[in-house]
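Here the structure comes first, spelled out in structure tokens, and everything after it is commentary.
Below, read A as the first sequence line, B as the second, and so on, with proteins coming before strands; counting in each chain starts at 1.
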There are 2 protein chains.
Amino acid sequence: MSKCEQCIIRQFNSLKALTREELVRISGCKTSRSIKKGEVIFEEGDAVNGVFCVKDGVCKLSKLSSNGKDHIVKLVVKGDLLGQRSLVGEESANLSAVALNDMEVCFIPKSEIMQDLQKNPKFTLDMLQQMAHDLKESDNVIVDMAQKSVKNRLADVLIYLNDNFGVDDDGFLAINLSREDYANVVGTATESAIRILSQFKKDGFISTQGKQIKIENLHKLKLIE
Amino acid sequence: MSKCEQCIIRQFNSLKALTREELVRISGCKTSRSIKKGEVIFEEGDAVNGVFCVKDGVCKLSKLSSNGKDHIVKLVVKGDLLGQRSLVGEESANLSAVALNDMEVCFIPKSEIMQDLQKNPKFTLDMLQQMAHDLKESDNVIVDMAQKSVKNRLADVLIYLNDNFGVDDDGFLAINLSREDYANVVGTATESAIRILSQFKKDGFISTQGKQIKIENLHKLKLIE
DNA sequence: ATCAAAACATGACAAATATCATATTATAAT
DNA sequence: ATTATAATATGATATTTGTCATGTTTTGAT
């Protein structure tokens, strides 16, 4: 099993603020885990007593809404920490986490990392900054959800995926979401998402092959209102 | 000018985690300020170099959306801190703050409070917990925005105002928002908000007098989908 | 390779919401 | 008290989005 103090992934999250000694201790109690595509990592209401450091793969964080639909709030990627909020307070998970492809993660028990939160102000401050950033992003998402059209939001998601995941050798988005997932990210009916994607195709903004999507005209996608 | 160490308001926010010495120092550099209804406290893009501790009154935090409408993200009330996020990172304000009624606030310069953030882990941890809580709430709002109908969201706002601000002697909501503000909270056109409130009135869920609103049937409001 | 299940696609229609026009009422300044 | 201004209200209509039905394609298990 690889050691935290040698792991390059931690540079991308708050764990970078830990000292070498702290990392050695964390390394001793962490557990590595492979997660298969589609597997549930935790569900709303679960007690998540620790954080996952994502070494590879992507998972979706979603919440069941009162109308019975699952809404995808966030995608968690390589380098991210998953379940930070379990560290503060005793509340159970507010969101469910499901792997979108095969993942490699490390799990660090809450009890261990709480010691660092209480003793290493640099670490706590880094998490604070991370959360402040997330909060700002959340506000932006709220405004977009409230004010933009479904078509606009769907275009935004395609742009986001292109910017953050890039494309494969054939030019298709490197991450594949189902049409239902797209609908659950923008908050619309699956049929509506499919319909709008079809329209984008007719307009020449994208092309598709099965569930794969290739952006053909990023500029025009950005102009959609 | 009153002293922080004697101020009861701080019990409601993260400042309660400061030591007596820290409070004395903060007290020496803070400035009290009265803000008139409608006054702009700060705007999107402003450099807010400190936090406001709200002693009295209410203000709205809003963001201009790409379609030109102002979206109200949050109401900040007595006891809350305003502008926490200015403390972490150097970014300018993401939201605008406008007083909804006359306010009394104290302003604490960033330079002073940063010392405490770096030295008092209890204070930092308290802010972290506060932000974690806000983040959870934000996720819930995102899901509601994405999945609930405008009518449902408007009913939710009325219930929220009733729960958090109570009613005056005549039974009207103790806080008065304009119809435009209601629209900007739920993310709809002003006419739509007015229309739905009219419908609520016809249905006997609420009654109105000018801009004042009285909830007549909280139970039925809660059943709206 | 075959088949069943899931995912994708599209039409027809219904419901929700936005927009524009125009009254009416309340509010604040003189 | 009067009046200009802003806020509230409502009708008519257009647009957006959701729902239900149904067919097609893709995918994965055998």
query = Below 4.0 angstrom, N of the basic side chain to O of the carboxylate: do A/E191 and A/R179 qualify?
reply = no

query = Which sits closer to the 5' end of DNA chain D, A/G210 or A/T188, going by the nucleotide each is nearest to?
reply = A/T188

request  = Decide side chain to side chain donor-acceptor pair (under 3.5 Å) for A/S34 and A/E104; before the verdict, give the C-alpha distance in whole Å, the side-chain angles of both, and the deciding distance to 0.1 Å.
outcome  = CA-CA 5 Å; A/S34 293; A/E104 289 296 324; 2.6 Å; yes

query = Over how many whole Å does the gap from A/E225 atom CD to D/dT17 atom P extend?
reply = 13 Å

ask   = Hey, where on DNA chain C does chain A first and last touch, going 5' to 3'? Cut-off is any atom under 4.0 Å from a heavy atom.
value = C/dC8 to C/dA12

ask   = Mind checking what makes ring-ring contact (aromatic ring centres under 6.0 Å, His included) contact with A/F52, not counting sequence neighbours?
value = A/F107

Throw together a table of side-chain donor-acceptor distances under 3.5 angstrom for residues 205-215 of chain B, partners on residues two or more places apart or in other chains.
unit_1	atom_1	unit_2	atom_2	d
B/S207	OG	B/E216	OE2	2.7
B/T208	OG1	B/K201	NZ	3.0
B/K214	NZ	B/D170	O	3.1

ask   = Does the pair A/K63/A/E43 count as a salt bridge with the N-to-O cut at 4.0 Å?
value = no

request  = Tell me which residues in residues 190-209 of chain A put a heavy atom below 4.0 Å from DNA chain D, sorted by number, or none.
outcome  = A/E191, A/S192, A/R195

inquiry  = With the threshold set at under 4.0 Å for non-hydrogen atoms, list the residues of residues 143-155 of chain A touching DNA chain D in residue-number order.
reply    = A/S149, A/V150

request  = Taking A/N162 for its side chain and A/G166 for its backbone only, find out whether a donor-acceptor pair lies under 3.5 Å.
outcome  = no

ask   = Charged N to carboxylate O under 4.0 angstrom, A/R85 versus A/E91?
value = no

query = Quick one: do A/K69 and A/E180 make a salt bridge, cutoff under 4.0 Å?
reply = no

ask   = Whole-Å distance between D/dT8 C1' and B/I213 CD1?
value = 11 Å

message = Assess whether a salt bridge exists between B/D181 and B/K60, defined as any Lys/Arg side-chain N lying under 4.0 Å from an Asp/Glu carboxylate O.
response = yes

ask   = Between the two ends of the helix from C/dA1-D/dT30 to C/dT30-D/dA1, what is the bend in degrees, rounded to 10 degrees, where each end axis spans five pairs?
value = 60°

task = Indicate yes or no for a side-chain donor-acceptor contact from B/R153 to the backbone of B/V186 under 3.5 Å, with no hydrogens or angles considered.
result = yes

task = Please confirm whether the backbone N or O of A/G79 pairs with a side-chain atom of A/N13, one donor and one acceptor, at under 3.5 Å?
result = yes

Length of the line joining A/I224:CD1 and D/dT16:C1', which is rounded to integer Å = 15 Å

request  = State plainly whether the residues A/D139 and B/K74 are in salt-bridge range, i.e. N to O under 4.0 Å.
outcome  = no

ask   = Counting distance only, does the side-chain N/O of B/E39 pair as donor-acceptor with the main-chain N or O of B/K36 below 3.5 Å?
value = yes

